[in-house]
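In what follows, a structure is listed as structure tokens, so that the remarks can point back to it.
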Amino acid sequence: MIEHTSIKSLLKGEVKAPQNVVVKGWVRTIRNSKNVNFIALNDGSTILNIQLVIAAGTDAFVICEQISTGACIRAEGLLVDSQGKNQSVEIQCNNIEVYGHSDPEKYPLQKKGHTLEFLREIAHLRPRTNTFGAIFRIRHNMAFAIHQFFHQKGFFYMHSPIITGSDAEGAGEMFKVTTLSLENPPRTNDGSINYMEDFFGKATNLTVSGQLEAELGALALGNVYTFGPTFRAENSNTPRHLAEFWMIEPEMAFYDINDNMDLAEEMLKYLINFALENCKDDLEFLNQMYDKELIERLKSVTAKTFKRLTYTDAVEILEKNNKEFEFKVSWGTDLQKEHENYLVTHFGGPVILTNYPKQIKAFYMKQNEDGKTVRAMDVLFPWIGEIIGGSQREDNYDKLYARITEMGVDEDELWWYLDTRKFGSCPHSGFGLGFERLMLFVTGMTNIRDVIPFPRTPKNAEF
RNA sequence: UCCUCGAUAGCUCAGCUGGUUAGAGCACAUGACUGUUAAUCAUGGGGUCCCUGGUUCGAGCCCAGGUCGGGGAGCCA
């Protein structure tokens, strides 16, 4: 049986003072004086610390000589109402056991502020800071909320493969997966690498999207979603890109593009509300330390109806301001970040754009009757830009096949995908949400490397 | 990948026009202190000036190449 109590439950008043308690955690600061020492102890259950009060003359007071910032201890004592101002309760501590010392000359985390750049270099220790404790607790809550949201709506969580044999999604550069010798791979007669001898008997990669597999699930189970790691070998060096990130991809049978937008909007609002309700202390910390408008912005997004308009209407608005843009807009061009920002600012909140020109979108999107556009939808968020990209899917075999050949996609790699349009095809839709992009918005962090425990980016796979 | 800025103590930074022994704040150590909140006060220790090469009597400073990091852009979620 676990003998100690979480600091969260003590500070929430779930244990009535006075009462003997045991806590275990890591020392944030220790303040010494002649007659009394104070320790701020954190166990990760909450951003708040509990104060240990150690009077001179106790065994614990002597042990304090070994304790410094970062040490891990077990502390036992009487939980009492605090005499100090900054906490409701504290522990009059008479017994301390040191689990792990922390050499104060060498421990990198000081009891002062550190830059996020420095903390990235010590990603193995940064969960012990207030900031990253808050971020990772919020990250957990968002992951949990995603499952809860879909489960409540009757969706099934589907595990799409991490290793894929097709390079057909066209979603970006892929990481190769192989057990062949890099120094001396087997060759075919024409000198190319013989993947027949590779582990899977063919060339394989890490997935760039679980969407195509999710569609297979939707055409059997109705509504499904994937939520797993995704890999892009793009040489992207920005605060919004990772080589390994997590993506949520719902896929729904019998949803048209409007149902798709409704779901995307409902989901984003649900998740943000969940954070506001369940991550109050952590959000308040981030609001105070990093982004004074964070909580206000989160509330405003949940209250607002997302502005929906077509790509064509958006281009019309943008064209009026072409002189302000580095990249001029005209119908058929892909929208740049400056254009997305303009629209989000123009409408004062999230924007959903639909019906893009087919030539700038993927082969699987449902073609409109006009012959020019497809039923794509992008949800644009302040600063982040495209937080969700999705579409109604092309469910007509002939149209899908035509598009595949037009775009030079290898049909042999997609025979199974095409099969679903041969046998019991149906209208369906889906979208992809970048989990870390959601985290950026919810935490107010501005660099995606700070919302995932161990970021993978070009030239960085430490830890 | 392109543009741009940067790298000096454990951290955050200053360092003049190229010139003697490279500084500050915080952190840390020691001491003081009757309840502190990133405590306070005093004293002290602490440097591969990112790397390689060059210019120079002399380089933290100038030049070239590289590495890593920040911001912007592209690719995208």
Side-chain angles (χ1 to χ4, degrees), chain A residues 28-41 48-56 65 68-70 80 82-87 90 92 102-122 125 129-130 169-173 207-211 229-249 264 289 325-327 334-338 340-341 360-362 378-381 384-390 431-441 446-452 457-460 462:
Chain A
R28 286 295 171 77
T29 74
I30 178 164
R31 296 178 286 273
N32 305 307
S33 67
K34 196 174 183 180
N35 297 320
V36 63
N37 293 340
F38 298 95
I39 288 174
L41 193 72
L48 304 170
N49 303 322
I50 193 144
Q51 172 157 279
L52 309 179
V53 185
I54 303 109
E65 288 171 20
S68 55
T69 300
V80 295
S82 179
Q83 297 177 29
K85 285 189 178 126
N86 295 2
Q87 58 279 318
E90 62 191 20
Q92 285 175 353
S102 178
D103 183 344
E105 296 273 12
K106 294 180 179 149
Y107 186 56
L109 290 172
Q110 303 161 6
K111 41 185 180 184
K112 55 166 281 190
H114 286 107
T115 61
L116 295 169
E117 290 83 3
F118 172 68
L119 292 172
R120 264 171 233 153
E121 293 169 13
I122 51 167
L125 296 173
T129 62
N130 286 333
E169 290 93 336
E173 290 296 310
T207 182
V208 292
S209 164
Q211 178 202 315
T230 309
F231 307 88
R232 303 273 168 92
E234 300 287 352
N235 192 11
S236 296
N237 294 285
T238 85
R240 291 175 300 280
H241 289 87
L242 292 164
E244 176 184 287
F245 63 100
W246 289 64
M247 190 151 64
I248 299 100
E249 295 178 291
M289 300 298 289
F325 299 134
E326 191 190 339
F327 297 91
D334 211 348
L335 299 186
Q336 308 291 316
K337 188 134 186 295
E338 57 179 339
E340 295 176 351
N341 287 344
I360 60 172
K361 287 293 181 183
D378 283 2
V379 182
L380 309 181
F381 257 40
I384 290 165
E386 185 187 335
I387 195 169
I388 280 179
F431 61 82
L433 167 70
F435 186 52
E436 284 77 17
R437 296 237 173 127
L438 172 75
M439 282 294 299
L440 283 178
F441 187 75
T446 54
N447 192 312
I448 202 163
R449 296 160 199 209
D450 296 328
V451 296
I452 187 169
T457 53
K459 309 288 183 222
N460 185 7
E462 194 66 55

Touch class at under 4.0 angstrom, heavy-atom based, for A:G113 against every strand present: base
Distance-only donor-acceptor test, A:H241 side-chain atoms vs B:rC76 base atoms, 3.5 Å: yes
Interatomic distance, A:E436 CD vs B:rA77 P [rounded to whole Å]: 14 Å
Atom-to-atom span, CD of A:E326 to C1' of B:rA73 - whole angstrom: 7 Å
Touch class at under 4.0 angstrom, heavy-atom based, for A:E386 against every strand present: sugar-phosphate
Near-parallel close stack of A:F245 and B:rA77 base (under 5.5 Å, under 30°): yes
Rounded distance (Å) that lies between atom P of B:rU37 and atom NZ of A:K111: 11 Å
Sugar-phosphate only, base, or nothing, as touched by A:L438 at under 4.0 Å among non-hydrogen atoms: nothing
Any N/O donor-acceptor pair, A:E117 side-chain to B:rG70 base, under 3.5 Å: no
N/O donor-acceptor pair, side chain A:E90 with base B:rG35, under 3.5 angstrom: yes
Sugar-phosphate, base or nothing in reach of A:R28, heavy atoms under 4.0 Å: nothing
Sugar-phosphate only, base, or nothing, as touched by A:E338 at under 4.0 Å among non-hydrogen atoms: nothing
A:K85 NZ to B:rU37 C1', straight-line distance once rounded to whole Å: 11 Å
A:I30 CD1 to B:rC28 P, straight-line distance once rounded to whole Å: 11 Å
Integer angstrom distance from the P of B:rA14 to that of B:rU30: 32 Å
Nearest-Å distance once atom C1' is located in both B:rG47 and B:rU40: 29 Å
Side-chain-base donor-acceptor pair under 3.5 Å for A:R437 and B:rC76: yes
Per-nucleotide protein contact string for nucleotides 1-9 of chain B, where B marks a base within reach and S marks sugar-phosphate only (heavy atoms under 4.0 Å, - for neither): B--------
Dot-bracket summary - RNA chain B, pairs being Watson-Crick or G-U whose distances fall under 3.5 Å, with | when paired to another strand: (((((((..((((.....[...)))).(((((.......))))).....(((((..]....))))))))))))....
Pairing residues for A:K337 by the side-chain hydrogen bond (donor to acceptor under 3.5 Å, both in side chains) criterion, not counting sequence neighbours: none
Length of the NE2-C1' vector between A:H114 and B:rC28, whole Å: 12 Å
